[in-house]
Amino acid sequence: MKFINLLPLAALSSALVIPDEETMAELDIVDHHQQETILTPIHKDVKHMVDEAETYVSTAISTAGSIFDQAVDFYSNTEQKAKKTCHKKAYDTKAWLESKTEYAEEKIKEVESAAEKAKGGHHCKPNMTVYELIAKSKYTTKLAALINEYDDLVQLLNATAANYTVFAPIDSAFEKIPDHAPKPSKEELKKVLLYHASQEFYPAGRVLVTHTVPTLLVGELLGGEAQRLSTNVGIKGLTVNFYSRIIAIDIFGTNGVIHGIDSLLVPPPKATDIIQFLPGEFSTLELGLAKTGLFKYLNDTSNHVGGTLFAPSNFAFQLLGPKIEGFLFSKYGLKYLAALLKYHVVANQTLYSDAYYASKDTDAEVSGIPKGYFHIDLPTMLKDKSLSINVARYGRLISIKINAFATVTIEDGIAADGVIHVVSNVLIPPKEVGGLTTHWAGEELEVEDLKERLMPYMENAEL
Ligand SMILES: *[C@@H]1O[C@H](CO)[C@@H](O)[C@H](O)[C@H]1NC(C)=O
Ligand SMILES: *[C@@H]1O[C@H](CO)[C@@H](O)[C@H](O)[C@H]1NC(C)=O
Ligand SMILES: *[C@@H]1O[C@H](CO)[C@@H](O)[C@H](O)[C@H]1NC(C)=O
Ligand SMILES: *[C@@H]1O[C@H](CO)[C@@H](O)[C@H](O)[C@H]1NC(C)=O
Ligand SMILES: *[C@@H]1O[C@H](CO)[C@@H](O)[C@H](O)[C@H]1NC(C)=O
């Protein structure tokens, strides 16, 4: 696979790893003497960084000239400090984990107030466009050189009737690309550049309460909708697509805002590539998809326009118990397995945790998912049998439940052809008895129960 495809996969592999039970248990340990969880020191580090960021925002705003340079200078100092403390204390916890903790809300408030102050600092109005800021900064010479190869991009980012957001990789981000990596074509490179900018205005305060951001890159496999990137809060601080750290925030231009990042953002691979690349997490799912022909079907992007895959982890399959797992993966279980897996695939509709790309042939009007509570039924490939999805979102805090029981443990695995949400349990179709729909709520299942639930869909379980 080309380097350009591998980079996001490598990043995903570190972000999408669910710890085993033992690690989970360790993370739950509370030191009752101090009333602190293991995560507390990490929170403190991040808090410290955000505190400093706040100080920075209020001072930088009043300084003219090479605003970008100062922002990066400032952050490289704090970053060094934060790195030391994080390394000492942090467990090998992954970005996804802390994004769920209560501290996020507090953090959001702090950055919001910093952003608020920044807005108030009107005594120094920006006088350069985002393009000019990038072109003039000593930290973004490589990015500027790349942008300059495309006249239309220069014009775009220099246009004043806009409010862009640019995630600008600083020069050292380019050093991470191995020397032997094949040089991408001019066309590929342009896609990479477009993936760093959004038509919409996302100052830091908004980034913090956002899960996915639409970019200028057209998602060819998403029916022309914007390809999105994800933003995350974790021990690495604020990151984009889990791996690229935001190292400078809120550098305002006349036509938008820039955030400096430490790694290049590479457009995401296909969902099937992601599944394949993470055997530690998805080898059972991959095997099931392969055995039933579904892998090939999903891998062929001409079969769908976007889509949502609810991906049970290996652990989720184990929870079904050895009898059911054995049955599903036996010769006799194959058609049941096919039906079951189809129940995890929503074709042509892409549901991110905070955005929704409806299928062209539904008349759904929704595109953004409102804050608070949101419900939607999504038809799966299993004879249009729907999944009942409830999203509760308060800023960065989010909870996604499926059929009132299964939980999304990791949301927004961004793929070129849709999105992957990792689910805590295999999703089992409900039972229909006397017109009543009863969802499975995790009670122990016998092979016969499972067969009975899947029986109504058997006759055309083949693709
Ligand atoms: C922007 O303003 C600063 C300070 O007022 C000045 O030094 C700089 O030359 C100006 N830049 C442009 C492009 O006008
Ligand atoms: C960018 O726009 C400014 C006006 O906002 C203009 O002075 C400058 O020449 C433009 N630069 C390029 C490279 O088009
Ligand atoms: C940019 O955003 C500001 C503040 O939200 C708004 O007042 C302004 O009209 C926007 N400009 C454009 C060109 O959309
Ligand atoms: C998946 O699709 C790619 C092309 O995008 C192809 O090279 C690969 O062989 C396919 N894999 C399977 C298992 O169908
Ligand atoms: C999804 O869209 C493709 C292409 O438009 C179409 O062939 C397919 O039947 C659709 N699938 C579903 C489940 O609607």
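One-based numbering, in listed order, for ligands and for the atoms of each. No hydrogens, no waters, no symmetry mates; every other heavy atom, side chains included, goes into these values.
- Residue H304 has no nitrogen or oxygen atom sitting less than 3.5 Å from a nitrogen or oxygen atom of ligand 5, judged on distance alone.
- For the 3.5 Å distance criterion, the side chains of N390 and H375 qualify, holding a donor opposite an acceptor.
- Given atom 9 (O) of ligand 2, the protein heavy atom at minimum distance is N158 ND2, 4.8 Å.
- Distance remark: protein heavy atom not present below 4.0 angstrom from atom 7 (O) of ligand 4.
- Looking only at distances, a side-chain donor or acceptor of H259 sits under 3.5 Å from a matching main-chain atom of Y202.
- For K186, the NZ atom sits in a packed shell: over 12 heavy atoms of surrounding residues, nucleotides or ligands are nearer than 6.0 Å.
- Close approach of ligand 4 to F295 is summarised as follows: ligand atoms under 4.0 Å from at least one heavy atom of the residue are 13 (C).
- If you check the side chains of R453 and Y343, you find no donor sitting under 3.5 Å from an acceptor.
- Between F405 and W440, the ring planes are perpendicular. Angles over 60° get that label, and only those under 30° would be called parallel.
- Of all atoms in ligand 4, listed by their number and element, those nearer than 4.0 Å to a heavy atom of K296 are 14 (O).
- Those atoms of ligand 4 with a heavy atom of K270 less than 4.0 angstrom away are 1 (C), 2 (O), 3 (C), 4 (C), 5 (O).
- For atom 2 (O) of ligand 4, the nearest protein heavy atom lies under 4.0 Å away.
- Atom 10 (C) of ligand 4 has as its closest protein heavy atom N299 ND2, 2.3 Å.
- For H421 and F310, the ring centers are positioned less than 6.0 Å apart.
- For ligand 2 and E132, the ligand atoms under 4.0 Å from any heavy atom of the residue are 1 (C), 3 (C), 8 (C).
- Between the side chains of N232 and T239, a donor-acceptor pair is found at a separation under 3.5 Å.
- Of the listed residues (N127, I147, N148, T129), the one carrying the non-hydrogen atom nearest atom 5 (O) of ligand 2 is T129.
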